[in-house]
Amino acid sequence: MTTNRRVLVDNATLSGVERLIGESQILNLNNRENDILCFEKLITAILFSDAIVSIDDYKDKFRSERLKKFDFIDFRVLEKETYAALSRDAAEFAKGMVFSFDGSKPAGDVVSFFESLRIDPQLRWDVFVSSEYLTLSLLVADTKDTRYEAAIDSVFRAESTDHGAALAGETFSPSVYVEGRPEVADVKSLVKAFSSGNANFAGTASGSLLNRAIFGYGWTAERAHFYNAAASIENADAFLAPMRDAFCESCCRLESRSQVNGLLDGLKSRTQETLVKIVDASGRGKFAMKLPFFTAYFISSADNPRQCIDMALHARTKAEFRECREILHNLAHLSSADRYKEVNTILRFLEQSCTLLMNKYGVVTDGGPQVSISLGLTGPSISFGTKLNQLFRHYRHRPFVRVFRNIAQDMLNVERLGGLYDKLCSSMREHKEAMHPKIAVTPKFMERKENEYGRPAEP
């Protein structure tokens, strides 16, 4: 079967790749993990597509060189009216997201987002002598081992950098809500509400995630909506930057948390299976698929990450990748008749294809097998209502397939790369002011306790 499977990658993914291959300098050294995940996104986009597209919407001082560096990508310029309409829709979607607090802990929809990121934030008072600073701190099992949390914090910082380079100009801030404090609507009023009852309030702590998390939640929601809509217009599948995939997963969790957890946990516990699924009577289904962490495979045979891109461009023509593209193509073009049977049949073929790829391209390091897990959606139609349906509004009334990576599992892959990690980072060029930014962490056992250094913050 001849396919023309098009994949859309976003600019945040390409920025991470540029840092990894040394085309731009790295300032935040905690960004290495995120950049490796962006690189993996590009590699899989190459392998599972016949053509890659991207939206040419970066500011002029960033875009010209990018067009040259990625000459195998078709950069598309959307008409002004279309771009403006997509931006307005995306901004309205982002403003509809609510960043809530119930006491010191996040509450409501945003909890699913943090579950996808596998972090546990809490508002706390950071005490220094007689002054107290409001901080959004991450609760951790071991304050001496915070590599994962530092990497997630760097992803929030990367999203802020992406916003500074993009042309999108619509207001996209999410609503902020604090239980029992109706006057709170944004970060400024939130800080005021918490500080008003604290005579020792001295400001917001320097390592606090508060502003980055609220900004990142809104920007990630806006970009996820924008690029999914743009991909629909370009007849492409969206392969988004890691945090944006986590946002999509969080919307899926809002609709059916137990199903999502069951699918992801199922693949982790059943080592021989490469796909688990739930298909309801209407033919709509959710599935989780296990694939190799392809970056580990290619870097094990290459001298540097740039060579991996060339190797992936060559490998995409191999039969096993063409076959997988055909299966995904069929998922996206299901007929309306006998949908339940068709979805199950196609997913069975997908499982066989994933197993073949695992056997051929799977790499085992000292830390264990390098395995990525993706969550997929397919079905006959999308209705309006839930956040998931709003996110995929442009896919309404047509079958679709959308696959997004599990960021927590992929971060674990990076931790397990061993010697391959240094090889992947060998081309990076550090900025003269490069550093590891400080993050605020608190031992998990202190979640409901206070001591001379801090305590939970209550409004």
Side-chain angles (χ1 to χ4, degrees), residues 4-25 34-35 37-94 158-172 218-245 247-248 306 309-310 312-313 316 391-395 402 404:
N4 182 26
R5 188 163 192 257
R6 290 158 59 84
V7 163
L8 180 146
V9 295
D10 54 6
N11 276 299
T13 297
L14 299 181
S15 294
V17 173
E18 285 183 337
R19 288 190 294 269
L20 193 72
I21 63 178
E23 290 290 350
S24 59
Q25 294 180 331
N34 175 63
D35 293 346
L37 298 195
C38 289
F39 187 74
E40 169 72 7
K41 266 307 185 75
L42 180 61
I43 293 296
T44 54
I46 292 170
L47 296 174
F48 295 102
S49 73
D50 297 293
I52 300 179
V53 299
S54 188
I55 304 302
D56 185 7
D57 67 342
Y58 252 26
K59 294 176 182 177
D60 286 343
K61 65 178 181 178
F62 299 104
R63 62 180 292 272
S64 57
E65 286 300 315
R66 173 160 292 183
L67 300 183
K68 299 175 185 176
K69 295 169 187 172
F70 299 102
D71 56 1
F72 56 90
I73 297 176
D74 180 12
F75 285 88
R76 310 286 294 173
V77 178
L78 299 177
E79 294 183 1
K80 288 185 178 180
E81 296 80 5
T82 301
Y83 191 94
L86 294 186
S87 296
R88 284 194 302 270
D89 286 349
E92 285 302 312
F93 173 73
E159 289 291 342
S160 179
T161 301
D162 180 73
H163 171 254
L167 292 173
E170 297 286 334
T171 301
F172 57 86
W219 179 243
T220 301
E222 194 276 349
R223 291 286 87 180
H225 191 286
F226 175 86
Y227 280 113
N228 277 306
S232 176
I233 291 173
E234 291 293 329
N235 193 30
D237 294 326
F239 276 45
L240 305 183
M243 184 167 284
R244 297 167 189 181
D245 264 7
F247 176 82
C248 293
R306 189 185 294 271
I309 295 176
D310 295 331
L313 288 167
R316 81 190 321 183
L391 184 61
F392 293 116
R393 178 169 63 85
H394 290 268
Y395 294 84
R402 175 70 170 90
F404 30 90

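From a predicted model like this one, the values you see are computed outputs, not experimental measurements. Numbering starts at 1 and runs along the sequence shown. Below, each value reflects all heavy atoms present in this structure, side chains not excepted, and no hydrogens, waters or symmetry copies.
Between L8 and D237, every side-chain heavy-atom pair lies at or beyond the 4.5 Å cut-off. Here the side chains of L391 and C248 are in contact, with some heavy-atom distance below 4.5 Å.
The two atoms that bring F75 and F70 nearest to each other are CE1-O, 3.7 Å, heavy atoms only. Taking both residues in full, the closest heavy atoms of R5 and F48 are given as NH1-O, 2.6 Å, listed atom of the first, atom of the second, then distance. A241 and E159 make their closest contact through CB-OE2, 4.5 Å (heavy atoms, listed as atom of the first residue, atom of the second, distance). The shortest heavy-atom contact between V9 and S54 is O-OG, 2.9 Å. Nearest heavy atoms, A238 versus N228: CB-OD1, 3.8 Å. When all heavy atoms are compared, the tightest approach of A12 to Y58 is N-OH, 4.4 Å.
Side-chain contact, S49 with R6: no donor N or O sits under 3.5 Å from an acceptor N or O. N11 and D162 form no side-chain donor-acceptor contact under 3.5 Å, judged by distance and modelled atom types alone.
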L78 and L86: CA distance, side-chain angles, deciding distance, side chain to side chain contact (heavy atoms under 4.5 Å, CB included) verdict = CA-CA 10 Å; L78 299 177; L86 294 186; 3.9 Å; yes

Tell me, with the steps shown, if D35 and R19 meet salt bridge (Lys or Arg N to Asp or Glu O under 4.0 Å).
-> CA-CA 7 Å; D35 293 346; R19 288 190 294 269; 2.7 Å; yes

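Atoms CG and CG, on D10 and L14 in that order, are 7.0 Å from each other to the nearest 0.5 Å. The CG atom of N4 lies 6.0 Å from the CG atom of D50; values are rounded to the nearest 0.5 Å. Interatomic distance, E222 CD to S87 OG, rounded to the nearest 0.5 Å: 6.0 Å. If you take CH2 on W219 and OG on S160, they are separated by 10.0 Å, rounding to the nearest 0.5 Å.
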Exercise answer: donor-acceptor pairs, residues 37-45 side-chain atoms, under 3.5 Å, sequence neighbours excluded:
residue : atom : partner : partner atom : Å
E40     : OE1  : F294    : N            : 3.3
E40     : OE1  : T295    : N            : 2.7
E40     : OE1  : T295    : OG1          : 2.6
E40     : OE2  : F294    : N            : 3.2
E40     : OE2  : R405    : NH2          : 3.1
K41     : NZ   : L240    : O            : 2.2
K41     : NZ   : D245    : OD2          : 2.6
T44     : OG1  : E40     : O            : 3.0
T44     : OG1  : K41     : O            : 3.0

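For D310, there are no salt bridge (Lys or Arg N to Asp or Glu O under 4.0 Å) partners two or more places apart in sequence or in a different chain. By the salt bridge (Lys or Arg N to Asp or Glu O under 4.0 Å) test, E23 is found to be paired with R306, residues two or more places apart in sequence or in another chain being considered.
In this structure, R244 fails the cation-pi test against F247, since its NZ or CZ atom is not both closer than 6.0 Å to the six-membered ring centre and inside 45 degrees of the ring normal.
Outside the 6.0 Å centre-distance limit, the rings of F239 and Y227 are not counted as a close aromatic pair.
Taking the six-membered ring where the residue is Trp, F93 and H225 present tilted rings, their angle falling between 30° and 60°.
Between the side chain of D56 and the backbone N or O of R76 there is no donor-acceptor pair closer than 3.5 Å.
Using a cut-off of 4.0 Å between Lys/Arg side-chain N and Asp/Glu carboxylate O, D57 and K80 are scored as not salt-bridged.
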